[in-house]
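Below is one structure, written out as structure tokens, with a few remarks after it.
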2 protein chains.
Amino acid sequence: MAKSDTKSETVRSPRVPKRTSSASRPARRPASAKTETPYHHGALREALLQAAERVLERDGLAGLTLRAVAREAGVSHAAPTHHFGDLTGLVSELAAIGFRQFNAAMASACDSATTPLSRALARPKAYVAYAQAHPGMYGLMFRTERLDYARPSLHEAAESSFAGLANAIGAMRQEQISGDALTLDQGAAIARAWSMVHGFTMLLLDGRLEDILERLPAGTTAEQLLEAILKSTLATKFPA
Amino acid sequence: MAKSDTKSETVRSPRVPKRTSSASRPARRPASAKTETPYHHGALREALLQAAERVLERDGLAGLTLRAVAREAGVSHAAPTHHFGDLTGLVSELAAIGFRQFNAAMASACDSATTPLSRALARPKAYVAYAQAHPGMYGLMFRTERLDYARPSLHEAAESSFAGLANAIGAMRQEQISGDALTLDQGAAIARAWSMVHGFTMLLLDGRLEDILERLPAGTTAEQLLEAILKSTLATKFPA
DNA sequence: GCGAAATCTTTACACTGTCAATATTGCGTC
DNA sequence: GACGCAATATTGACAGTGTAAAGATTTCGC
């Protein structure tokens, strides 16, 4: 299965045309048999993205390579290049998918909230829950330097995610958050909420909250710790 | 300067002993001339760590490779292996240095605070300031999966950093934080402070706060945004 | 002084991203 | 339907990476 690519040939082949027009390959594909893998995949771009997500969640960020994705999808190692340009392209498109998944999860969580307090808690809890359910994706979205935000799909998905956050903060403050200008108070409220939830998520995924969790009363979960944090933060708004 | 290592030799050399005892090398080193680079470096380990920090801050995390560090230090590409085992080892030792630098900066910042409010603000501000001054180091310490916390130097330095945070929170709550057990309230306070500052720092370094900053009144800096966040958080403790 | 251990270099190999050249197929146009 | 071109996929090559093994050199303990 393509274990070694560079065979270090004895002589540097001087680009001889060879002209092996489908007769040199012994019997790889009997000329348009639908059951065999055709030369043209048909929907390789989507297949590659799905393969990439599988590889990411299975092998982590370090295992997410162009060649690994190509292997997972069963195509040659250079096939992804044609669809995504380079690794940055593939990673950026996958991150855009992650942001859309994430946005959908957040919207769904907000819908199912009833009381004001539960509305205030639903969003951050869903945030952390998404990251725990898709740690690879969350890491791809937030800890990769290799993202190209100039790509429209990624830019739009990330922008939409930010807008959702800003709107939620605005609703909690009972203000209309304008798209153009923010007061320092508004900006601070948004940055504070985002920083706290993002920071908590990163520390949790990195295992750095273990030191705290194991010192808490036995059996305390990360979710309970998060809820305690949120309630202490919201204490002024929702006095017990 | 060792531009290409794998020359793809024509014939696979079958390990012939060759016996070239210092006569085959023409005149590389005239037998113990102190001005020339000696075979034994003497303090290569420290030199490698300093070279690694230079490479990290110059070329970023992606540029921090074993071979790049070796080039920077002027030794062969496999020299670091002997001192650090593998890339994880080098990166972990460098991260330990980062944590010690960081701890020193935090301690210094706390000393120079006078009023209770300034004491409460000094630590997070110094935290963000360190990350901005050493973005490569901070990224190494907090966004690398390739850290081996089993290494005593790294474990100890990171532990000390956490202890400093816990003590600062305890002082603010006017409680004695025990090393063994925490109440849920205490754990939540520590995790909340750490999450917020860490999250703010990561978002800032990643440029994700730009969307907010450019919507704030013209000229607002990240430091001012941070201060607004901190003051709103501390409003209950230090009413204006 | 001498052998052993520590240190550093050399060599090799599997893996990676990326580019160039080639092969194959689909599709619009006659 | 046949032709030609563009899109798609493969093959091959190359520079770079980490890492392991083996050789060269120096230092150190005795």
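Everything quoted here is computed from the prediction, not taken from an experiment.
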Strand contacts (DNA chain D) in residues 81-89 of chain A, 4.0 angstrom heavy-atom criterion =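 A:H82, A:H83 - these, ordered by number, are the residues of the stretch whose heavy atoms sit under 4.0 Å from the strand.
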Would you indicate which nucleotide in D:dG12, D:dG18, D:dA9 comes nearest to any side-chain atom of A:A78?
->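 Given the options D:dG12, D:dG18, D:dA9, the side chain of A:A78 is closest to D:dG12.
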A:S76 has a side chain; which of D:dT11, C:dT16, D:dA21 sits nearest to it?
->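 Taking heavy atoms from C-beta onward, the closest nucleotide is D:dT11.
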Rounded to the nearest Å, what distance is computed from the [atom1] atom of residue [X] to the [atom2] atom of nucleotide [N]?
| X | N | atom1 | atom2 | result |
| --- | --- | --- | --- | --- |
| A:R67 | C:dT16 | CZ | P | 7 Å |
| B:H77 | C:dT11 | NE2 | C1' | 8 Å |
| A:L61 | C:dT16 | CG | C1' | 16 Å |
| B:L90 | D:dT17 | CG | P | 14 Å |
| A:R71 | D:dT10 | CZ | C1' | 16 Å |
| A:L44 | C:dT24 | CG | P | 18 Å |
| A:L66 | D:dT10 | CG | C1' | 15 Å |

Around atom CD of A:E214, are there more than 12 heavy atoms of other residues, nucleotides or ligands at under 6.0 Å?
->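 Atom CD in A:E214 is crowded, with more than 12 foreign heavy atoms closer than 6.0 Å.
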Of all of residues 45-52 of chain A, which get a heavy atom below 4.0 angstrom from DNA chain C, listed by number?
->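 Going residue by residue through residues 45-52 of chain A, none turns out to have a heavy atom under 4.0 Å of DNA chain C.
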Contacts of type side chain to side chain contact (heavy atoms under 4.5 Å, CB included), residue A:E159, not counting sequence neighbours =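 Side chain to side chain contact (heavy atoms under 4.5 Å, CB included) check on A:E159 returns A:H155, B:D211, B:R215.
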Centroid-centroid under 6.0 Å between A:F99 and A:F142 rings =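 A:F99 vs A:F142: aromatic centres under 6.0 Å.
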Ring pair (Phe, Tyr, Trp, His ring centres under 6.0 Å) partners of A:F102, counting only residues at least two apart =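 Expected list: A:Y127, A:Y130.
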Under the ring pair (Phe, Tyr, Trp, His ring centres under 6.0 Å) rule, collect the residues that match up with B:F84, sequence neighbours excluded.
->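 Ring pair (Phe, Tyr, Trp, His ring centres under 6.0 Å) check on B:F84 returns nothing, list empty.
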Please list, chain by chain and in numerical order, all residues satisfying side-chain hydrogen bond (donor to acceptor under 3.5 Å, both in side chains) with B:E53, sequence neighbours excluded.
->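 For B:E53, the residues satisfying side-chain hydrogen bond (donor to acceptor under 3.5 Å, both in side chains) (neighbours in sequence not counted) are B:Q101.
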Judged by modelled atom types alone, do B:T88 and B:R146 share a side-chain donor-acceptor pair under 3.5 Å?
->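 A donor-acceptor contact under 3.5 Å links the two side chains.
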Apply salt bridge (Lys or Arg N to Asp or Glu O under 4.0 Å) to B:E223 and B:K125, showing your working.
-> CA-CA 8 Å; B:E223 287 76 15; B:K125 286 169 81 168; over 6 Å; no
For the residue pair B:E72 and B:A51, what are the closest heavy atoms and their distance?
->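 The answer is CG-CB, 3.5 Å.
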